[in-house]
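Have a look at the structure below before the remarks.
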Amino acid sequence: MRLKAALPKLELYLYAAVLYLSLLWAGTWIWDASADNVNRKVFKKSVKPGWHYFGRKMDVADFEWVMWFTTFRNHILFALAGHVIFAKVCSLISPRIGMDDWYCKHRSLIYGLYGGLAVLVSMGGGFLVLVLSHCFILYSVALVKRKWIVFVVGLASLATFKMEPFNTWQEGFVTGYFDLQDILFYGGSCFTILRCMSFALENCEKKDGNYTFTDLLKYNFYLPFFYFGPIQTFDQYHVQANNPNLTRKQREMWNITTRALLHLGAILVVDVFFHYLYILTIPNDMKLVKQLSDWSLAGLAYSNLVYDWVKAAVMFGVINTVARLDHLDPPQPPKCITMLYVDSHVVNPWYVYDYIGGSHTNIFKELVATICTFVVTTLWLGPCELVYIWSFFNCFGLNLELWVDKIFSIPPFSNIEYAIGEAMSRRIRAVFGALNFWTIILYNILALNSLEFAKLVGKRLIVQGFPLSTLSVLFVTYCGVQLVKERERKQALLDDPEPAAVPPAPQDMPEEVGKKKAE
């Protein structure tokens with residue numbers, strides 16, 4: 001019931017006004033810092049010529065964004081467009097040659113053949129042999145049907161790309177050199193291992209027989225997911241890609257087109273922002289950062305996390321658009337940082353977290369689940385001091401959230417919460433949500449920026465800025481959390497509407513009223 005607790009509209013309007021005006025104010029500070037310091041030495045490395053006709057330079061500090069939407073945009077679009085065109089041509093030709101039913105049942109094989117051919121052309125035969133060898137090893141492990149062996153072998157295979165001399169030996173399978181080689185090599189190899197682990201774990205669940213090696217190859221070489229992800233688990237892909245019913249739902253193509261245009265709009269908005277707000281370059285100049293106001297630092301930390309989500313959402317969106325054209329239901333992009341005020345929404349439950357943690361109500365199971373999850377994540381990101389710190393604090397935050405929830409679910413705290421009413425309970429929980437929101441930001445700017453920047457933001461907002469900056473930033477965050485809670489409340493009412501009030505039965509009505517109705 002707490003989720004459906006309503007607040008007065010005037011109070012929500014106040015929260016919205018405070019939040020948007022504060023974000024606008026912080027944005028003006030970042031704008032000024034970007035414009036006044038564009039000629040600094042640090043800026044010259046990552047702020048390059050942009051819109052010549054407006055005299056604006058562009059922040060190009062994020063190599064991944066530049067790679068996707070500037071430098072190698074045409075290469076990536078060419079590969080994805082080739083997949084879409086190939087699939088469309090096959091779907092048009094198959095009815096004319098009497099193979100319509102065969103294509104519907106075996107289109108995953110067509111996708112896999114095209115993907116394998118594209119990998120062979122782009123990376124060469126040596127890389128294809130390397131990928132196939134990892135597939136064969138993990139398929140052999142899958143036949144044993146022991147999950148712990150799958151995890152051990154899969155993580156060991158993943159670790160070979162982080163350790164010498166195994167890494168150098170595997171790199172030797174790719175001959176020649178081109179600009180995208182390293183990204184395609186590590187992306188294709190590591191995502192292959194994760195997909196093979198998904199296949200092996202699903203094979204462990206299969207009670208009658210085993211999936212075939214061909215099933216694994218069709219799953220792994222689906223080109224839109226091959227190099228850059230996302231990971232769609234094998235059970236979902238196998239069912240969707242082998243579904244012979246290719247009829248689309250009502251307005252499905254309209255929805256696909258709308259989402260594609262939305263992602264295009266997001267790309268243009270980010271491009272505009274990068275010409276006016278150098279949010280990625282400023283944190284690299286610690287001398288400048290120390291001169292900024294507390295509000296600038298808060299806005300800078302928040303905007304870096306929002307941008308990281310936008311980048312992930314757009315990259316997911318571009319690939320997912322292609323997957324939807326192939327009649328797949330791909331994984332959803334990560335939840336926006338603006339909508340996060342609990343740590344449990346941050347974790348990807350891919351096999352480990354939900355499998356070990358279960359319902360996430362047992363303290364010991366939750367501790368083991370979070371530790372295992374972040375061990376896998378640390379190995380995926382690459383073990384180093386910064387990743388260790390990031391994993392520790394995120395793991396601690398998840399468990400602390402459960403501990404606090406357990407404490408407040410027992411008397412006398414539960415009795416107090418019941419006595420104060422749902423609206424006041426929502427306000428108090430929003431205070432804790434605001435505190436947790438900033439812990440999430442501080443944990444994650446470790447990975448996005450640097451340890452020095454994260455320490456400075458924490459010191460300025462918590463220690464040096466106390467009480468004025470600390471409490472004002474927390475109040476603005478509290479307003480944001482309340483708006484998120486209001487959105488969740490409305491969604492909960494749509495998903496589970498309140499039962500309509502039942503009119504009183506005729507026998508419960510006064511006798512005179514009953515006579516009048518009868519007349």
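What you see is a predicted model, and the numbers here were worked out from it, not measured in a lab.
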query = What's the spacing between Asn444 CG and Ile440 CD1 if we round to 0.5 Å?
reply = 7.5 Å
ask   = Which atom pair, heavy atoms only, marks the closest approach of Tyr276 to Val272?
value = CD1-O, 3.2 Å
task = Identify the heavy atoms of Leu300 and Pro283 that sit nearest to each other, and give their distance.
result = CD2-CG, 4.0 Å
Using distance only, find each side-chain donor-acceptor pair of residues 464-471 under 3.5 Å and give its atom names and separation, not counting sequence neighbours.
from   : atom 1 : to     : atom 2 : distance (Å)
Ser469 : OG     : Asp294 : OD2    : 2.6
Thr470 : OG1    : Leu461 : O      : 2.4
Thr470 : OG1    : Phe466 : N      : 3.4

key: Qualifying residues under ring pair (Phe, Tyr, Trp, His ring centres under 6.0 Å), relative to His327, sequence neighbours excluded   = none
note = Here the pair of heavy atoms bringing Thr321 nearest to Gly317 is OG1-O, 2.7 Å
key: Check: Asn255 side chain, Arg251 main-chain N or O, donor-acceptor pair, under 3.5 Å   = yes
key: Greater than 12 external heavy atoms within 6.0 Å of Lys147's NZ   = yes
query = For Tyr186, what residues pass the ring pair (Phe, Tyr, Trp, His ring centres under 6.0 Å) criterion, not counting sequence neighbours?
reply = none
task = Side-chain contact test, heavy atoms from C-beta onward, threshold under 4.5 Å: evaluate it for Trp309 versus Leu305 and give yes or no.
result = no
request  = Check whether any side-chain heavy atom of Asn449 sits under 4.5 Å from a side-chain heavy atom of Asn284, and report yes or no.
outcome  = no
message = If you compare all heavy atoms of Asp329 against all heavy atoms of Gln240, which two are closest, and at what distance to 0.1 Å?
response = N-OE1, 2.7 Å
Gap between atom CG of Leu367 and atom NZ of Lys365 - 0.5 Å precision = 13.5 Å
ask   = Closest heavy-atom contact between Ala266 and Val314?
value = CB-CG2, 3.8 Å
message = Go through it in stages, so that I can follow the logic: the residues are Trp438 and Leu474, the test is side-chain contact (heavy atoms from CB on, under 4.5 Å), and I'd like the CA-CA distance, side-chain angles, deciding distance and then a yes or no.
response = CA-CA 8 Å; Trp438 270 99; Leu474 283 178; 4.2 Å; yes
message = So Lys218 and Tyr111, do their side chains get closer than 4.5 Å, heavy atoms only?
response = no
Residue pair Val476, Leu21: steps toward the side-chain contact (heavy atoms from CB on, under 4.5 Å) verdict = CA-CA 10 Å; Val476 172; Leu21 289 175; over 6 Å; no
request  = Spell out, as yes or no, whether a donor-acceptor pair under 3.5 Å connects the side chain of Asn242 to the backbone of Ser108.
outcome  = no
task = For the pair Tyr222 and His83, name the ring-plane relationship: parallel under 30°, tilted 30 to 60°, perpendicular over 60°.
result = perpendicular
ask   = Can any side-chain N or O of Arg107 pair as donor or acceptor with the backbone N or O of Ser91 at less than 3.5 Å?
value = no
task = Indicate yes or no for a side-chain donor-acceptor contact from Asn203 to the backbone of Ala142 under 3.5 Å, with no hydrogens or angles considered.
result = yes
message = What's the separation between atom CZ in Arg460 and atom CG in Leu292, rounded to the nearest 0.5 Å?
response = 7.5 Å
Distance-only donor-acceptor check, side chains Thr378 and Ser391, under 3.5 Å = yes
request  = Kindly determine whether Tyr227 and Ile319 satisfy side-chain contact (heavy atoms from CB on, under 4.5 Å), including the steps that lead there.
outcome  = CA-CA 11 Å; Tyr227 285 118; Ile319 294 175; over 6 Å; no
request  = Could you tell me whether a side-chain N or O of Asn304 sits under 3.5 Å from a main-chain N or O of Ile279, the two making a donor and an acceptor?
outcome  = yes
remark   = For Val270, the side-chain contact (heavy atoms from CB on, under 4.5 Å) test, sequence neighbours excluded, returns Trp65, Phe274, Tyr307, Val310
ask   = Is the side chain of Arg426 donor-acceptor paired with the backbone N or O of Ala5 at a distance under 3.5 Å, no angle test?
value = yes
message = Parallel, tilted or perpendicular: which one describes the rings of Tyr15 and Phe475, with boundaries at 30° and 60°?
response = perpendicular
ask   = Taking Tyr219 for the side chain and Gln232 for the main chain, is one N or O donor matched with an acceptor at less than 3.5 Å?
value = yes
key: Residues, nucleotides or ligands: over 12 heavy atoms within 6.0 Å of Ile410 CD1   = yes
query = Got Thr233 and Tyr237 here, is their nearest side-chain heavy-atom distance under 4.5 Å?
reply = no
inquiry  = Between Tyr302 and Phe437, is there a side-chain heavy-atom distance shorter than 4.5 Å?
reply    = yes
ask   = For Ile30 and Gly299, which heavy atoms make the closest approach, and how far apart are they?
value = CD1-C, 3.7 Å
message = So does Thr373 get a backbone contact from the side chain of Thr377, meaning a donor-acceptor N/O pair under 3.5 Å?
response = yes
query = Any side-chain heavy-atom pair from Ile256 and Arg248 closer than 4.5 angstrom?
reply = yes
request  = Mark yes or no for whether Ser425, through its side chain, and Gly421, through its backbone, hold a donor-acceptor pair below 3.5 Å.
outcome  = no
query = Passes side-chain contact (heavy atoms from CB on, under 4.5 Å), Cys372 versus Phe151? Steps please.
reply = CA-CA 11 Å; Cys372 292; Phe151 277 110; over 6 Å; no
key: Glu486 with Arg489: basic N within carboxylate O range, under 4.0 Å   = yes
key: Phe199 and Asn220, any side-chain heavy atoms less than 4.5 Å apart   = no
task = Test Phe374 against every option in Phe393, Trp390, Phe392 by the ring pair (Phe, Tyr, Trp, His ring centres under 6.0 Å) rule and name the one that passes.
result = Trp390
ask   = Does a donor on one side chain sit under 3.5 Å from an acceptor on the other, for His275 and Asp59?
value = no
key: Within 6.0 Å of CZ in Phe228, more than 12 heavy atoms from elsewhere   = yes
key: Charged tip of Lys206 within 45° of Tyr211 ring normal and under 6.0 Å   = yes
ask   = With Arg427, which residues qualify under salt bridge (charged side-chain N to carboxylate O under 4.0 Å, His left out), at least two apart?
value = Glu11
task = Mind checking the CG-OG1 spacing from Leu158 to Thr192? Nearest 0.5 Å is all I need.
result = 11.0 Å
request  = With rounding to the nearest 0.5 Å, note down the distance linking CZ in Phe191 to SG in Cys196.
outcome  = 13.5 Å
ask   = Mind checking whether Phe221 and Phe226 have side chains closer than 4.5 Å, heavy atoms only?
value = yes
ask   = Once you round to the nearest 0.5 Å, how far does CG of Leu7 lie from CE of Met424?
value = 9.5 Å
task = Could I get the full list of ring pair (Phe, Tyr, Trp, His ring centres under 6.0 Å) partners for Tyr278, not counting sequence neighbours?
result = none
ask   = Is a side-chain donor or acceptor of His263 paired with a backbone partner of Arg259 at a separation under 3.5 angstrom?
value = yes
